[in-house]
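Because only heavy atoms are used, hydrogens play no part in the values below, and waters and symmetry mates are left out as well, while side chains stay in. Below, chains carry the letters A, B, ... as their sequence lines are ordered, and counting in each starts from 1.
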Number of protein chains: 2
Amino acid sequence: MKIVSQTWNQHVVKKENKTLVLDQIREHAPISRASIAQQTGLNKGTVSSLVSELMNEKLISESGTGQSSGGRRPVMLLFNQQAGFTISIDLGVKNILGVLCDLKGNILEGKKIILEDNQVEIVLERLYGLINELIAAAPDAPYGIVGIGIGVPGVISNEGEVLLAPNLDWKNVQLKEILADKYQLPIVVENEANAGAIGEKTYGAGQKSNDLVYVSVGTGIGVGLILDGELYKGIRGFSGELGHMTIERDGLKCRCGNTGCWELYASENALLSKAKTDQFKSIHTIVKAAEKNDKEAISLLNDMGKYLGIGITNILHIFNPEQVILGNAMIEAEKFVLPAILEYIDAHTIGFNRDDVKISGAMLKEYSTVLGIASVNIELFFKENQATLELLS
Amino acid sequence: MKIVSQTWNQHVVKKENKTLVLDQIREHAPISRASIAQQTGLNKGTVSSLVSELMNEKLISESGTGQSSGGRRPVMLLFNQQAGFTISIDLGVKNILGVLCDLKGNILEGKKIILEDNQVEIVLERLYGLINELIAAAPDAPYGIVGIGIGVPGVISNEGEVLLAPNLDWKNVQLKEILADKYQLPIVVENEANAGAIGEKTYGAGQKSNDLVYVSVGTGIGVGLILDGELYKGIRGFSGELGHMTIERDGLKCRCGNTGCWELYASENALLSKAKTDQFKSIHTIVKAAEKNDKEAISLLNDMGKYLGIGITNILHIFNPEQVILGNAMIEAEKFVLPAILEYIDAHTIGFNRDDVKISGAMLKEYSTVLGIASVNIELFFKENQATLELLS
DNA sequence: CTAAGTTTGTCTAGTGACTAAACAAAGATT
DNA sequence: AATCTTTGTTTAGTCACTAGACAAACTTAG
């Protein structure tokens with residue numbers, strides 16, 4: 001039978017209005033009840049009553065009074081960002097980055113560990129150690145640890161299974177289930193580029209954009225799509241494989257089965273394989289060389305920019321986004337690569353599609369992914385929490 | 001100041017529930033009140049009251065009693081699809097197709113006229129003639145003509161201005177404003193491929209898909225995107241320019257400024273320009289020849305399929321859609337082109353992205369666009385109508 | 001053919017979330 | 001000191017919904 005969209009009743013109204021009030025406080029704190037009423041269009045009485053519930057739930061608190069504007073001084077409300085904490089992991093090929101965040105996405109504790117071996121069992125052990133350390137570092141809070149999340153460079157099913165992570169050599173790892181069993185907490189497993197897109201949208205360069213494309217240029221190329229303000233995942237969760245978009249018909253053979261894939265020309269791997277000298281072992285060394293005016297390094301980075309430009313031009317034509325944000329390993333080379341990208345785009349993109357788009361490097365640098373994961377966990381907490389508190393009241 | 005999302009109150013609840021009830025009747029008529037209550041989860045009394053309002057508004061009607069299932073026989077409710085009519089136009093380069101539809105998207109009257117001249121003033125005159133004829137053909141109805149819409153092969157701004165339609169040689173035509181002034185009715189102006197996507201989603205091959213990509217292969221290639229069930233337009237409305245996606249770096253120069261654009265290899269124009277004999281003046285003549293086993297024709301169509309396959313493979317990697325639907329002029333050649341497309345895709349697409357996707361020709365054939373336009377007008381009517389009737393009650 | 005059980009659709013009483021408006025508290029202004 | 005403003009709470013009233021009773025209309029069993 002077809003699932004019918006939600007029926008509407010007072011219950012729903014209350015829940016939505018409560019979320020609305022909480023969101024106002026989260027975004028505009030410190031803010032007074034009167035001001036919330038004005039902004040949301042809700043009655044002052046309604047706001048008062050909802051605010052009082054939120055205070056009972058320890059999600060907000062009153063701070064002192066604010067500035068008078070010619071009458072009684074308002075009582076300012078604060079978001080209690082320490083009501084709970086999240087743990088977020090960026091699982092890379094060479095290392096794992098883990099952070100402990102409050103409910104506003106502030107990093108309280110961060111740790112990076114080096115990975116020598118990508119075998120599932122070994123990685124899991126290291127992961128548990130890192131997570132336990134971060135849990136231990138969390139201050140006491142009404143809601144404690146509200147969720148754990150992890151960003152993985154691979155294809156993730158909607159059920160949180162890592163179907164394939166070629167650079168880790170992982171296949172069919174039920175990561176969400178494994179972590180949920182171990183920690184009995186809400187678990188988020190998301191593709192690294194999708195998470196990066198959310199991170200930049202929530203806390204980084206893309207906060208004002210409703211349609212943004214995050215291009216993660218690392219060993220390969222992955223893309224996260226925020227369309228109409230929401231992460232777009234496709235029917236099974238496999239969208240954003242733009243790294244395997246053909247930009248040269250009858251081009252190089254890719255191990256994915258396709259030919260002329262973008263990432264064969266524009267990724268870090270592509271960059272390194274095109275280097276003539278053996279001294280270039282990573283994007284880092286090339287950037288260092290370029291900074292010392294090494295001609296080959298500069299030329300390599302310039303070429304990379306051109307190839308990235310080809311794909312980004314396609315992106316502008318396909319999505320007409322408000323913003324394109326470049327992240328992951330290439331962020332280090334932004335200074336050298338971005339000008340070449342812009343030059344290519346300006347010469348090749350249809351005017352309409354070029355006009356209002358902003359193209360930039362990731363503002364959160366290496367934290368785009370972890371903070372995106374944190375954001376997903378936080379929003380999940382507020383959604384679930386509303387449902388739970390409903391039952392309690 | 002930031003616009004705050006809607007505040008929720010009983011008014012909204014009623015409006016939403018009324019829409020819910022109406023949608024049930026639109027989709028499942030004939031249906032009883034009891035059945036609606038069961039399906040929506042609304043109380044029987046609530047349904048009765050909303051149904052009675054909808055009857056007053058002439059949007060639904062009672063037909064006789066239905067089959068008993070062991071008790072009192074239910075009163076069946078019907079959607080009054082003739083409560084109003086829409087007029088929809090597909091503006092082509094060589095002809096204009098116009099239809100009169102009821103509120104269920106049934107075509108009551110259709111007419112196609114040939115265009116010799118694409119000059120704005122001349123096209124407008126022909127358009128007015130066609131629209132007037134269709135208006136005259138509409139039966140009497142409580143709401144009369146509820147909207148006029150038009151699909152245009154070009155770049156349309158969110159304000160309904162035709163910014164550029166290269167094949168018509170139109171630039172900056174305020175089409176929506178012109179038609180609104182003349183007819184004083186809700187006007188929809190939409191890109192032809194976007195409309196086609198909506199048409200196939202609402203009435204055609206894509207009714208069950210939430211994420212579908214409609215590829216309009218005509219003189220050029222345009223693409224309409226339905227993502228998460230909604231038309232995706234991008235920040236200014238210029239999405240879907242996949243015709244100008246590079247599939248060959250350093251490839252052919254396109255008049256759009258880019259190089260190696262998909263439509264230079266896979267459109268009708270591309271097909272014709274590659275033909276060695278002059279006898280092939282349109283896709284139609286090539287298909288006719290292929291049907292008579294003409295080797296060049298068959299080979300041309302086969303190549304077209306391969307080139308379409310390159311772009312569609314990209315689409316599968318980018319969007320992981322549930323469905324890809326091919327429409328416009330190429331629909332005639334489906335029999336010859338589709339197998340080649342599928343062959344290419346099967347050989348080049350990542351398994352995950354290939355697995356659950358359905359690739360097919362447009363079910364509505366040459367009516368995809370007009371019916372999509374009709375659908376937009378109809379939904380607009382119900383949205384606006386709800387608002388108006390709110391004021392009256 | 002009658003009696004019992006079922007299903008449909010309406011009606012009534014009650015609930016709960018909201019709004020409008022009155023009001024008290026606290027400060028600014030003259 | 002008196003008046004005006006602004007804030008936040010309280011009270012009365014509105015409205016859409018739900019639960020459950022009920023009448024009407026039908027099926028089924030004996």
In residues 227-235 of chain A, what donor-acceptor pairs under 3.5 Å come from side-chain atoms, sequence neighbours left out?
from	atom 1	to	atom 2	distance (Å)
A:Y232	OH	B:F319	O	2.9
A:K233	NZ	A:E190	OE1	3.1

Taking side-chain contact (heavy atoms from CB on, under 4.5 Å) as the test, write out the residues that go with B:V13, two or more places apart. A:W8, A:V13, B:N17
Does the side chain of A:T86 reach to within under 4.5 Å of the side chain of A:F381, using non-hydrogen atoms? no
My understanding is that only one of B:I87, B:N106, B:I135, B:I107 makes a side chain to side chain contact (heavy atoms under 4.5 Å, CB included) with B:L100; could you say which? B:I87
Nearest-nucleotide wise, let me know which of B:Q10 and A:R33 is further upstream toward the 5' end of DNA chain D. A:R33
Check side-chain contact (heavy atoms from CB on, under 4.5 Å) between A:E62 and all other residues, then give those that pass, not counting sequence neighbours. A:R33, A:M55, A:V75, A:L77
List the residues meeting salt bridge (charged side-chain N to carboxylate O under 4.0 Å, His left out) with A:E379, not counting sequence neighbours, and say none if there are none. A:R26
Taken to the nearest whole Å, CG/A:L20 to P/C:dA17 is 16 Å
Under 3.5 Å, side chain of A:S35 to main-chain N/O of A:I31, donor-acceptor pair present? no
How many whole angstroms separate atom CD of B:E62 from atom P of C:dT8? 15 Å
Please state whether the phosphate of C:dC18, meaning OP1 or OP2, lies under 4.0 angstrom from any side-chain nitrogen or oxygen of A:N17. yes
Going 5' to 3' on DNA chain D, which nucleotide is the first and which the last to come under 4.0 Å of a heavy atom in chain B? D:dT14 to D:dT27
Candidates B:Q323, B:E200, B:K201 - the one meeting side chain to side chain contact (heavy atoms under 4.5 Å, CB included) with B:Y214: B:E200
Holding to side-chain contact (heavy atoms from CB on, under 4.5 Å), I want the full list of residues that pass it with B:N43, two or more places apart in sequence or in another chain. B:T46
For A:E53 and C:dC18, what is the distance between atoms CD and C1' respectively, to the nearest whole Å? 13 Å
Taking DNA chain C as the partner, which of residues 63-70 of chain A come within under 4.0 angstrom of it by heavy atom? A:S68, A:G70
Who pairs with A:A180 by side-chain contact (heavy atoms from CB on, under 4.5 Å), at least two apart in sequence or on another chain? A:I187
Under the salt bridge (charged side-chain N to carboxylate O under 4.0 Å, His left out) test, residues paired with A:D356 that sit two or more places apart: B:R236
What are the residues of residues 73-80 of chain A, sorted by number, that bring a heavy atom to within less than 4.0 Å of DNA chain D? A:P74, A:V75
What contact category does A:S32 fall into here, base, sugar-phosphate, or nothing, at under 4.0 angstrom with non-hydrogen atoms? sugar-phosphate
Looking at residues at least two apart in the chain, or sitting in another chain, which of them share a side-chain hydrogen bond (donor to acceptor under 3.5 Å, both in side chains) with A:N80? none
Report each atom pair, protein N/O against N/O of nucleotides 21-25 of chain C, whose distance is under 3.5 angstrom.
none

Closer than 4.0 angstrom, basic N to acidic O: yes or no for A:K18 and A:E57? yes
